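Bear in mind the structure is a predicted one, so any value in this text is a computation, not a measurement. Residue numbers begin at 1 in each chain, while the letters A, B, ... track the order of the sequences.
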There are 2 protein chains.
Amino acid sequence: MQATETAEPSALPERVRIVDLAAQLGLTKGTVSRALNDHPDISDRTRLRVRKAAEKLGYRPLSHAQAIRTGRVRSLGLVLQVNEHDAHRPFVAEFLAGLSQAASAEDWTLTVATAGSDEQTLDLLDRLTVEKKADGFILPRTKLHDPRIDFLRTRGVPFVLYGRTEDAGGCAWFDIESEKSIEDAVMLLAGLDHKRIGFVPGADGYSYAKLRHDGYLAGLARSGLSHDTQLIAPPAMGRDAGAAAAAILLDLPHPPSAIVCSVDAAALGVYDAARHRGLKIGTDLSVISYDGIPETTLLDPPLSTYRVDTRAAGARLAELLIKRCRGAPPEDLRELGRAAFRSRGSHGVAPAKA
Amino acid sequence: MQATETAEPSALPERVRIVDLAAQLGLTKGTVSRALNDHPDISDRTRLRVRKAAEKLGYRPLSHAQAIRTGRVRSLGLVLQVNEHDAHRPFVAEFLAGLSQAASAEDWTLTVATAGSDEQTLDLLDRLTVEKKADGFILPRTKLHDPRIDFLRTRGVPFVLYGRTEDAGGCAWFDIESEKSIEDAVMLLAGLDHKRIGFVPGADGYSYAKLRHDGYLAGLARSGLSHDTQLIAPPAMGRDAGAAAAAILLDLPHPPSAIVCSVDAAALGVYDAARHRGLKIGTDLSVISYDGIPETTLLDPPLSTYRVDTRAAGARLAELLIKRCRGAPPEDLRELGRAAFRSRGSHGVAPAKA
DNA sequence: ACTGTTGTCGAAACCGGTTTCGGAATAGAT
DNA sequence: ATCTATTCCGAAACCGGTTTCGACAACAGT
């Protein structure tokens, strides 16, 4: 015996292809394929026989080999915009967990990319679409006029919004009715005898920012409070901007005794501004916010906020998108959920007039 | 004209296939393919002509159609273990950004899945491998004896560790030498006259936990301090566990004047424990930690910590894995980096003896 | 017994690329 | 001018599945 070990050192455990399975069963690969895909022209006896053999031999089709004929790769696309407002970072892991879990349950996968700008986002959507790396897309953080929607709609690519949009034609979505929560917050504060309630909006352009703003106005109206535009601060998505926004409100001749924030990250800044002015949160100044980021429990006092179950949202979105990719009409794929109020120490009865 | 609008309302803009391109050029698809893939048997003139035509017509190959012959899908796999220690959540977005950006640069994509247990992780690796959803994998948070490594190694699937391992055969990796940072932290504190320096290790099993523990010991040795095993707390990966660990150290008959934490999330708990005992961080008790999570700046005083550039790490890992998938030997794909010290208010000179 | 369905499967085309092989044209050597 | 090398491209096989089409058998109806 000569040392002719030219071959691969470790013989890889050969993949089982559909022809192997077919040969083993004495059938043709076409028949096996139809049996596995539940075509009606295969007898129950054969279908069962094929299934069992496939199970035994551990046959699983190569997804890209299927895709070449079916045109479907069984993959959900997600383009995340990082960089910008990092207020949303903490959600990412939970969101992915939800998406991925629901996708896995249907034997789909998740293809994610990150972009630093709107333009790059569209580039990535284009690339993923034309190279067919994904069958459809999840669009988080919907904007009022969202270029992603136009882009995908004109190309006939399936998508589901995490959010809502005005021009709803052809759109499927899942969203949390944050406007209802903000409305609730205002009414809650009004019930605690607050007469002047400030509001820190989210960044312009995002549809949820407008909705929450509407919710604030609805809360005022239902509480019978007058609407003073001075009580609406400039938009704030982060801690620093939140502090600046709160400063404007608190330095008013007739400042608010409570502030409602569109996002937790801005509320962090409200704490800063209040501390800087010697105001005690929860007594001198009430704060209620929205999102439910982890940091809210770190604050002193912990922040009262409406918590969104981001993982559940991701899971539902994945399910909707898969249905969409399978041909369900978008009109049937629209759902709404609610955030849960976490009542903590940052709000209380309005202080008596000095 | 009759209303025979039975066809699709919007005629989708037909994809350009390689045969279309070939027909346009008066060549065969085989030749076009070879030209696009830089085969040596194509003249420069033709290659250029094909490239320009492809550009003009916007031809881009279907990735799964290529894959059927090449066996490569140009996708990096990432299975994240959520659920467990949520101490790592904040990194996820940054990590993904790094991975995705570097992958995009090479025209690869990222396939991510999340698992809730080791077993589920292996299941997902199996599924992604056999269905060929990814060409290789990034393995974050390497364990001392990591089942993922065994799994992929025996199957001949490429992978890159974010971390290091003892049984290095066939392993490529990128890692931050956190042990050096911990060692530095101990020496820094020793230089500030701290004689008793406590340590809160990371969770058992993770290779970095062992490395950081080693770094602590090395720091003591180089500072000429004795090693008192009482000063080593139980492992802690989160805030509550960190508080419990710190409690043990601070309630010692002869407590430490400084504590080094393996992870920031545990340091959060050290603050709690100190506050509870009326100790002022930075004067009564010095704390230095590791990771650089965003919350560290929220604390009072802000936490001195070694910050890891998670995005850069992700980018480097993606580059290494792509090289590995292209056939580079793993021994050539091993790199190390360093964390950057963020000196803030949580450490100071050791208090004088009472 | 003869035709008409229906059920079941084999054979072959097909999807959109890549790769192998061989042949024609051109260049270089004698 | 002839012969060999080399360059460059066409033709066809190939990858691993899915889908279409038609053949054949069994069964029902008259």
Side-chain angles (χ1 to χ4, degrees), chain A residues 12-51 53-54 57-75 107 129-133 135 326-327, chain B residues 12-51 53-54 57-75 107 129-133 135 326-327:
Chain A
L12 301 174
E14 284 296 333
R15 254 191 60 82
V16 181
R17 294 158 305 168
I18 196 169
V19 286
D20 302 326
L21 218 187
Q24 172 89 9
L25 286 162
L27 297 170
T28 62
K29 60 175 185 174
T31 304
V32 171
S33 171
R34 275 169 294 162
L36 258 18
N37 293 319
D38 288 319
H39 281 235
D41 65 342
I42 299 293
S43 71
D44 290 341
R45 207 178 66 84
T46 306
R47 192 197 324 284
L48 209 70
R49 202 162 66 93
V50 171
R51 283 216 180 299
L57 298 191
Y59 167 73
R60 269 178 297 175
L62 241 29
S63 78
H64 58 264
Q66 300 184 285
I68 200 183
R69 192 73 222 271
T70 62
R72 299 227 243 81
V73 292
R74 294 203 323 260
S75 172
D107 204 34
T129 307
V130 60
E131 292 185 2
K132 196 71 191 188
K133 287 284 200 166
D135 299 300
R326 288 178 174 152
Chain B
L12 300 176
E14 283 296 334
R15 253 191 61 82
V16 181
R17 293 158 306 169
I18 196 169
V19 286
D20 302 326
L21 218 186
Q24 172 89 10
L25 286 163
L27 296 171
T28 61
K29 60 173 184 173
T31 303
V32 172
S33 171
R34 275 169 293 162
L36 257 18
N37 293 318
D38 288 319
H39 281 235
D41 64 342
I42 300 291
S43 71
D44 291 340
R45 205 177 68 82
T46 306
R47 192 195 324 283
L48 209 69
R49 203 162 67 93
V50 172
R51 283 217 179 297
L57 297 191
Y59 168 72
R60 269 176 298 174
L62 241 28
S63 78
H64 58 264
Q66 301 183 284
I68 199 183
R69 193 73 224 269
T70 62
R72 299 227 243 81
V73 291
R74 294 202 324 258
S75 172
D107 204 35
T129 308
V130 59
E131 292 186 1
K132 196 72 192 187
K133 288 283 201 166
D135 299 299
R326 287 177 174 155

A.B. asks: Counting only N and O atoms by type, is there a donor-acceptor contact under 3.5 Å from the side chain of B:Arg34 to the main-chain atoms of B:Arg47?
C.D. replies: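 It does not hold such a pair.
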A.B. asks: Take the protein atom CZ of B:Arg69 and the nucleotide atom C1' of C:dT20, then report the distance between them rounded to whole Å.
C.D. replies: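 For the pair B:Arg69 CZ and C:dT20 C1', the rounded distance is 8 Å.
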A.B. asks: Check whether any side-chain heavy atom of A:Arg15 sits under 4.5 Å from a side-chain heavy atom of A:Leu62, and report yes or no.
C.D. replies: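 Contact flag for A:Arg15/A:Leu62 side chains = yes.
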A.B. asks: Supply the atom-to-atom distance A:His64 NE2 to B:Lys133 NZ, rounded to the nearest 0.5 angstrom.
C.D. replies: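 Reported value, rounded in 0.5 Å steps: 10.5 Å.
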A.B. asks: In chain order, what residues pass the side-chain hydrogen bond (donor to acceptor under 3.5 Å, both in side chains) check against B:Asp20, with sequence neighbours excluded?
C.D. replies: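 Result, side-chain hydrogen bond (donor to acceptor under 3.5 Å, both in side chains) vs B:Asp20: B:Arg17.
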A.B. asks: Taking DNA chain C as the partner, which of residues 18-25 of chain A come within under 4.0 angstrom of it by heavy atom?
C.D. replies: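 Heavy-atom contacts with DNA chain C come from no residue of residues 18-25 of chain A; none.
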A.B. asks: State whether A:Asp38 and A:Arg51 are salt-bridged, where the test is any N-O pair (Lys NZ or Arg NE/NH1/NH2 against Asp/Glu carboxylate O) under 4.0 Å.
C.D. replies: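 Looking at A:Arg51 together with A:Asp38, the answer is yes, because their closest N to O distance falls below 4.0 Å.
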A.B. asks: What's the spacing between B:Arg74 CZ and B:Asp107 CG if we round to 0.5 Å?
C.D. replies: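 If we round to the nearest 0.5 Å, B:Arg74:CZ and B:Asp107:CG are 4.5 Å apart.
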A.B. asks: Any idea which heavy atoms bring A:Thr28 and A:Ala22 closest together, and the distance?
C.D. replies: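 In terms of heavy atoms, the two residues are closest at C-CB, 3.7 Å.
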A.B. asks: Starting at the 5' end of DNA chain D, which residue's closest nucleotide do you reach first, B:Asp41 or B:Ile68?
C.D. replies: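 With B:Asp41 and B:Ile68 compared, the 5'-side residue is B:Asp41.
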A.B. asks: Among residues 29-39 of chain B, which ones have heavy-atom contacts with DNA chain D below 4.0 Å?
C.D. replies: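 Here the set is B:Thr31, B:Arg34.
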A.B. asks: Would you mind telling me which of A:Asn37, A:Leu48, A:Thr31, A:Val50 makes a side chain to side chain contact (heavy atoms under 4.5 Å, CB included) with A:Ile42?
C.D. replies: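 Single side chain to side chain contact (heavy atoms under 4.5 Å, CB included) partner of A:Ile42 among A:Asn37, A:Leu48, A:Thr31, A:Val50: A:Thr31.
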A.B. asks: From the 5' end of DNA chain D to its 3' end, which nucleotides mark the outer limits of contact with chain A, defined by a 4.0 Å heavy-atom distance cut-off (strictly under)?
C.D. replies: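 The footprint of chain A covers D:dG16 to D:dT20.
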A.B. asks: Send over the distance from A:Arg49 CZ to C:dT8 P, rounded to a whole Å.
C.D. replies: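 Distance, rounded to whole Å: 14 Å.
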A.B. asks: Using the C1' atoms of the five pairs at each end, what is the angle between the end axes of the helix from C:dA1-D:dT30 to C:dT30-D:dA1, to 10°?
C.D. replies: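 Taking the rotation axis at each end, their angle is 40°.
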A.B. asks: Taking all atoms of both residues into account, what is the closest heavy-atom pair of A:Ala67 and A:Val73, and its distance?
C.D. replies: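 Minimum heavy-atom contact is CB-CG1, 3.6 Å.
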A.B. asks: Can you measure from NZ (B:Lys132) to OG (B:Ser75) and round to the nearest 0.5 angstrom?
C.D. replies: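 These two atoms lie 10.0 Å from each other.
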A.B. asks: Within this structure, what is the CG-CG distance for the pair A:Leu57 and A:Leu25, rounded to the nearest 0.5 Å?
C.D. replies: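 Interatomic distance, A:Leu57 CG to A:Leu25 CG, rounded to 0.5 Å: 7.5 Å.
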A.B. asks: Quick one: closest heavy-atom pair of B:Ser43 and B:Thr46, and the distance?
C.D. replies: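 For B:Ser43 versus B:Thr46, the nearest heavy atoms are OG-OG1, 2.9 Å.
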A.B. asks: For residues B:Tyr59 and B:Leu36, report the shortest heavy-atom separation together with the two atoms involved.
C.D. replies: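 Minimum heavy-atom contact is CE2-CD2, 3.7 Å.
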A.B. asks: Output the residues of residues 57-65 of chain A in contact with DNA chain D, where contact means a heavy atom of the residue under 4.0 Å from an atom of the strand; sort by number or write none.
C.D. replies: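 Close to the strand are A:Tyr59, A:Pro61, A:Leu62, A:Ala65.
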A.B. asks: Out of curiosity, A:Leu21 CG to A:Arg60 CZ, how far, rounded to the nearest 0.5 Å?
C.D. replies: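 Interatomic distance, A:Leu21 CG to A:Arg60 CZ, rounded to 0.5 Å: 13.0 Å.
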